[in-house]
A.B. asks: 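After the structure tokens below, expect a handful of questions from me.
These numbers come from the heavy atoms of this one structure, side chains and all, not from hydrogens, waters or symmetry mates. Per chain, numbering begins at 1; letters A, B, ... match sequence-line order.
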Amino acid sequence: MRKILLIGFKDVTLAFRDRAALILMLAAPFVLTLGLGMVTGRFSGNSTSGVSDIPVVVVNQDAGDLGQALVDVLNSADLADLLAPTAAGDSAAARQAVDADEAAIAVIIPAGFTDSIIPPQGAAAADAVQIELYVNPTRPTSAGVVQAVVDEYLSRVEVGRVAGTVAVTQLVASGRIAPQAAAAAGQELGQRQAAEAAAPIRLQASTAGQAAQRFDVLAYLAPGMALMFLMYTVANGGRSLLTERAQGTLPRLLVSPTATAQVLAGKVFGIFLTGVAQMTILIAGSTLLFNLQWGDPLAVAALVGAAVVGATGWGLLITAIAKSPSQVSSLGSAIMLTFGILGGSFISLSTLPAWVQAISKITPNAWGLEGFTALALGGGLPEVALPIAALLVMGAVLFGAAVLLFNRQGLVQR
Amino acid sequence: MTAILEAQNLVKHYGDVRAVTGISFSIAAGEIFSLLGPNGAGKSTTIAMLSTLYAPTSGDALIGGHSVTRAPMQVRGLIGVVPQDLALYEDLTARENLTFWGQMYGMAGGALKRRSDEVLAQIGLTDKANKPVKTFSGGMKRRVNIGVGLLHKPQLLFMDEPTVGIDPQSRRAILDMVKDLNRQGMSVLYTTHYMEEAAELSDRVGIIDHGQLIALGTQAELTQQVGGHDTLRLHVGEDQNAERLAEALRGLPGVIQASATDHEVAVIVPEAADALAPIVAKAGEAGLKIKSVDIEEPNLEAVFLHLTGRALRD
Ligand SMILES: Nc1ncnc2c1ncn2[C@@H]1O[C@H](COP(=O)(O)OP(=O)(O)O)[C@@H](O)[C@H]1O
Ligand SMILES: [Mg+2]
């Protein structure tokens with residue numbers, strides 16, 4: 001165990017002494033964040049302006065409480081600076097407003113939305129009815145903000161619904177209410193919950209303070225860039241394994257009383273640690289320099305760890321496939337750019353076709369960005385549980401694949 | 001005399017390349033043993049097998065009683081390896097390199113620090129300890145490379161051509177260091193293609209060629225194989241055909257062997273003084289001009305020449 005740590009620390013030291021690597025790990029993401037931030041006007045005028053007064057068209061065709069609750073959320077005082085909602089009579093008008101670039105996004109709440117979540121008394125559960133978001137592709141960041149607010153709202157509703165169902169089931173099971181009365185009880189719970197559904201977002205907006213109210217465009221740009229250059233770091237880390245083979249330090253390690261598995265684990269740990277160090281510096285730096293709020297520190301830390309695990313998996317796979325250090329570099333750069341684009345570092349994912357969004361799920365960038373956006377909007381650990389789980393699974397699967405490939409080739413030619 | 005190392009019929013094939021075709025020898029505790037042979041003879045491959053880096057195609061070796069194939073971990077604790085090519089982290093300082101590699105051998109804390117100081121003094125780099133290795137000269141890097149190998153005081157040190165490509169001063173320092181380490185009780189397996197180094201350092205020498213040991217013994221034993229014969233080195237001009245001269249001399253009575261390389265013909269004769277005049281005369285007859293002649297007493301180079309008909313140097 002000690003040797004694994006020592007090999008990892010050694011690799012972090014080496015990574016941070018490599019000037020070319022430092023430029024790509026730290027300087028490049030900072031400069032790009034800064035540049036893109038300027039383009040969006042983040043640094044002009046008052047420094048905390050960010051995005052504000054996003055034009056949103058809202059169409060509410062739902063007769064129930066939940067539709068109205070969402071409208072209330074979008075019109076709430078806490079989001080007043082951020083959003084400038086207007087109502088439209090029907091979805092066609094709303095889409096037209098977006099097409100005419102009068103709005104960044106249209107939120108269309110279809111008829112039967114409430115009923116599909118809380119079935120009315122006596123009725124069977126209806127098919128799920130989805131809220132439609134019609135996005136203006138020229139305003140990805142603004143649209144992304146609204147999308148995040150709606151997602152947040154929906155996840156609260158979902159949590160409430162599950163909790164309600166569980167509560168009713170328990171009441172029936174324990175004999176406190178008769179089965180016939182269950183539906184009525186559920187309905188009542190649902191109504192109460194609809195009234196409360198808006199509360200969490202208000203609450204969240206006020207706890208996260210002003211930053212959440214005025215969603216900061218940097219909260220999208222900075223993690224996007226950090227995640228993209230995280231891919232550089234992991235490829236560079238993987239490359240060091242092949243460099244060590246070429247420069248003879250790997251054979252030297254293998255003739256010391258250190259097991260092959262320890263050497264490999266040490267190298268993996270080194271890549272992970274370098275990635276975490278890079279992300280930490282970028283997060284700390286943007287917090288200090290740009291006054292950027294990343295959100296709940298614990299959740300941010302967990303998400304960083306998971307994102308680096310997922311990315312490390314890719315770094316290892318690239319290394320296992322490549323034959324030489326220079327092949328790792330070129331493969332790494334290609335993947336860094338592809339994943340950067342696919343993962344939404346440049347263009348908001350919501351503006352891309354559905355199949356691209358589906359493919360983007362193989363990138364740590366997409367999951368990471370989803371998580372960081374949720375956290376910047378005031379979410380906590382529960383909101384990023386899915387991205388974290390996905391990233392960890394991604395890391396584990398890729399690590400397994402890389403080990404299989406390494407085993408076939410052997411660490412050194414024998 | 002207990003053997004620290006016993007190689008038993010080691011064989012290594014890389015695909016179709018038969019790098020080592022069956023090597024057996026033993027090294028006594030406290031001995032310096034040299035493997036002398038030209039480039040490509042199989043020296044590094046032999047070291048790779050003995051140091052547990054490569055699994056032998058067949059055969060085995062015991063080091064301190066442990067099999068390199070069956071108990072590699074035990075073997076690794078006993079040996080130190082100085083690889084032919086530098087194996088260092090160039091962005092780390094000399095001291096950081098020593099510290100890291102010491103840790104890989106299970107050393108830590110004050111003991112590691114003291115031992116690093118000791119080794120830094122031994123390799124003459126105390127004042128450069130905190131400079132990155134990449135700023136060092138070739139000779140200095142070689143010395144760090146050696147320092148890493150002996151840091152943990154191994155019982156048996158493998159040194160694979162540690163003096164290749166460095167200045168005479170660094171080379172001298174390294175040879176003296178090897179003798180010093182040996183006086184302190186370290187057994188050494190030293191490979192080289194320089195006859196002089198093997199002659200100066202070793203108790204016993206194994207001559208290796210094409211993956212095989214072709215001779216093994218003390219220097220005296222080996223030179224006796226050439227029967228106490230002298231070697232004459234005839235240098236001819238650029239315009240002269242050395243091969244034709246060798247051809248002509250082979251017929252001469254008293255010439256045991258004559259072989260040509262570039263602009264030199266090496267002739268093995270029983271007694272240099274008697275052979276010189278007839279050789280010069282014969283060359284004249286053949287219309288070839290000899291520019292100068294070196295006379296060598298029996299040495300390892302002559303043994304190699306005698307056994308293979310080729311020169312040791314590339
Ligand atoms: N990894 C390898 N793959 C294939 N052939 C090799 C490899 N290493 C060495 N050889 C070949 O094996 C032979 C012995 O090489 P080596 O042990 O390096 O000799 P030496 O150290 O005496 O110069 C040479 O012909 C060399 O080309
Ligand atoms: Mg060699």
Side-chain angles (χ1 to χ4, degrees), chain A residues 1-25 236-237 239-267 269-271 273-274 325 407-414, chain B residues 12-15 17 44-45 47-57 63 66 68-69 71-93 96-97 99-108 112 132-134 141 145 148-149 151-152 154 158 160:
Chain A
M1 191 59 201
R2 180 167 167 267
K3 285 188 192 174
I4 297 175
L5 300 184
L6 290 167
I7 293 172
F9 292 147
K10 180 264 300 169
D11 277 350
V12 175
T13 311
L14 287 176
F16 279 84
R17 279 194 195 167
D18 179 348
R19 202 158 300 165
L22 272 186
I23 288 176
L24 283 163
M25 287 195 313
N236 197 42
R239 179 170 171 258
S240 78
L241 186 65
L242 300 194
T243 314
E244 286 215 45
R245 181 157 75 190
Q247 77 188 10
T249 43
L250 182 63
R252 190 165 220 170
L253 275 168
L254 294 176
V255 300
S256 77
T258 312
T260 309
Q262 278 178 306
V263 174
L264 200 56
K267 295 298 295 178
F269 177 62
I271 301 174
L273 213 58
T274 311
N407 274 348
R408 190 143 9 118
Q409 308 162 349
L411 267 189
V412 292
Q413 193 205 356
R414 272 157 210 265
Chain B
K12 181 70 192 179
H13 297 169
Y14 300 106
V17 181
S44 296
T45 303
I47 298 256
M49 288 187 282
L50 292 174
S51 60
T52 77
L53 182 62
Y54 293 174
T57 306
I63 292 178
H66 302 290
V68 296
T69 56
M73 273 299 177
Q74 277 90 325
V75 169
R76 289 174 196 169
L78 299 177
I79 60 171
V81 182
V82 179
Q84 176 171 354
D85 299 312
L86 297 171
L88 300 169
Y89 297 106
E90 300 242 330
D91 281 322
L92 297 185
T93 66
E96 285 169 336
N97 265 288
T99 305
F100 174 75
W101 290 108
Q103 288 164 336
M104 290 303 111
Y105 280 87
M107 305 171 74
L112 175 54
V133 167
K134 67 179 170 200
K141 287 180 187 176
N145 199 39
V148 167
L151 188 73
H152 60 289
F158 296 132
D160 195 2

A.B. asks: One pair to check against side-chain contact (heavy atoms from CB on, under 4.5 Å): A:Arg252 and B:Asn145. What are the steps and the verdict?
C.D. replies: CA-CA 11 Å; A:Arg252 190 165 220 170; B:Asn145 199 39; 2.7 Å; yes
A.B. asks: Is chain B contacted by the side chain of A:Ser256, its backbone, both, or neither, given a heavy-atom distance below 4.5 Å?
C.D. replies: both
A.B. asks: Where on A:Lys10 is there a heavy atom nearer than 4.5 Å to chain B: the side chain, the backbone, both, or neither?
C.D. replies: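 Only the side chain of A:Lys10 comes within 4.5 Å of chain B.
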A.B. asks: B:Leu86 versus chain A, heavy atoms under 4.5 Å apart: side chain, backbone, both or neither?
C.D. replies: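 The backbone, not the side chain.
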A.B. asks: If you take all heavy atoms of B:Thr93 and A:Arg17, which pair is closest and at what distance?
C.D. replies: N-NH1, 4.2 Å
A.B. asks: Can you check side-chain contact (heavy atoms from CB on, under 4.5 Å) on B:Asp91 and A:Phe16, steps first, answer last?
C.D. replies: CA-CA 10 Å; B:Asp91 281 322; A:Phe16 279 84; over 6 Å; no
A.B. asks: Go through the atoms of B:Ala48 and report whether side chain, backbone, both or neither lie under 4.5 Å from a heavy atom of chain A.
C.D. replies: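 Neither the backbone nor the side chain of B:Ala48 comes within 4.5 Å of chain A.
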A.B. asks: For A:Arg2 and B:Ala108, work out which heavy atoms get closest and say how close.
C.D. replies: NH2-CB, 3.2 Å
A.B. asks: Using modelled atom types and a 3.5 Å cut-off, is there a donor and acceptor pairing between side-chain atoms of B:Arg76 and backbone atoms of A:Leu254?
C.D. replies: yes
A.B. asks: Please state whether the side chain, the backbone, both or neither of A:Gln262 comes within less than 4.5 Å of a heavy atom of chain B.
C.D. replies: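 Interface part for A:Gln262: neither.
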A.B. asks: Checking B:Gln103 against A:Lys3 for the side-chain contact (heavy atoms from CB on, under 4.5 Å) test, could you report, in this order, the C-alpha distance in whole Å, the side-chain angles of both residues, the deciding distance, and whether it holds?
C.D. replies: CA-CA 7 Å; B:Gln103 288 164 336; A:Lys3 285 188 192 174; over 6 Å; no
A.B. asks: Using a 6.0 Å cut-off, check whether atom CZ of A:Arg19 has over 12 heavy atoms from anything other than its own residue.
C.D. replies: no
A.B. asks: Please identify, among B:Ile79, B:Val148, B:Thr57, the residue contributing the most non-hydrogen atom pairs under 4.5 Å to chain A.
C.D. replies: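 Most pairs with chain A among the choices: B:Val148.
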A.B. asks: Working note: B:Trp101 + A:Leu253, criterion side-chain contact (heavy atoms from CB on, under 4.5 Å); need CA distance, chi angles, decisive distance, verdict.
C.D. replies: CA-CA 8 Å; B:Trp101 290 108; A:Leu253 275 168; 3.7 Å; yes
A.B. asks: Which heavy atom of B:Ala87 sits nearest to which heavy atom of A:Thr249, and what is that distance?
C.D. replies: C-CG2, 3.6 Å
A.B. asks: Counting only non-hydrogen atoms closer than 4.5 Å, does B:Gln74 touch chain A with its backbone (N, CA, C, O), its side chain (CB onward), both, or neither?
C.D. replies: neither
A.B. asks: Verify whether one side chain among B:Tyr89 and A:Gln247 offers a donor that lies under 3.5 Å from an acceptor in the other.
C.D. replies: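 Side chains of B:Tyr89 and A:Gln247: no pair found under 3.5 Å.
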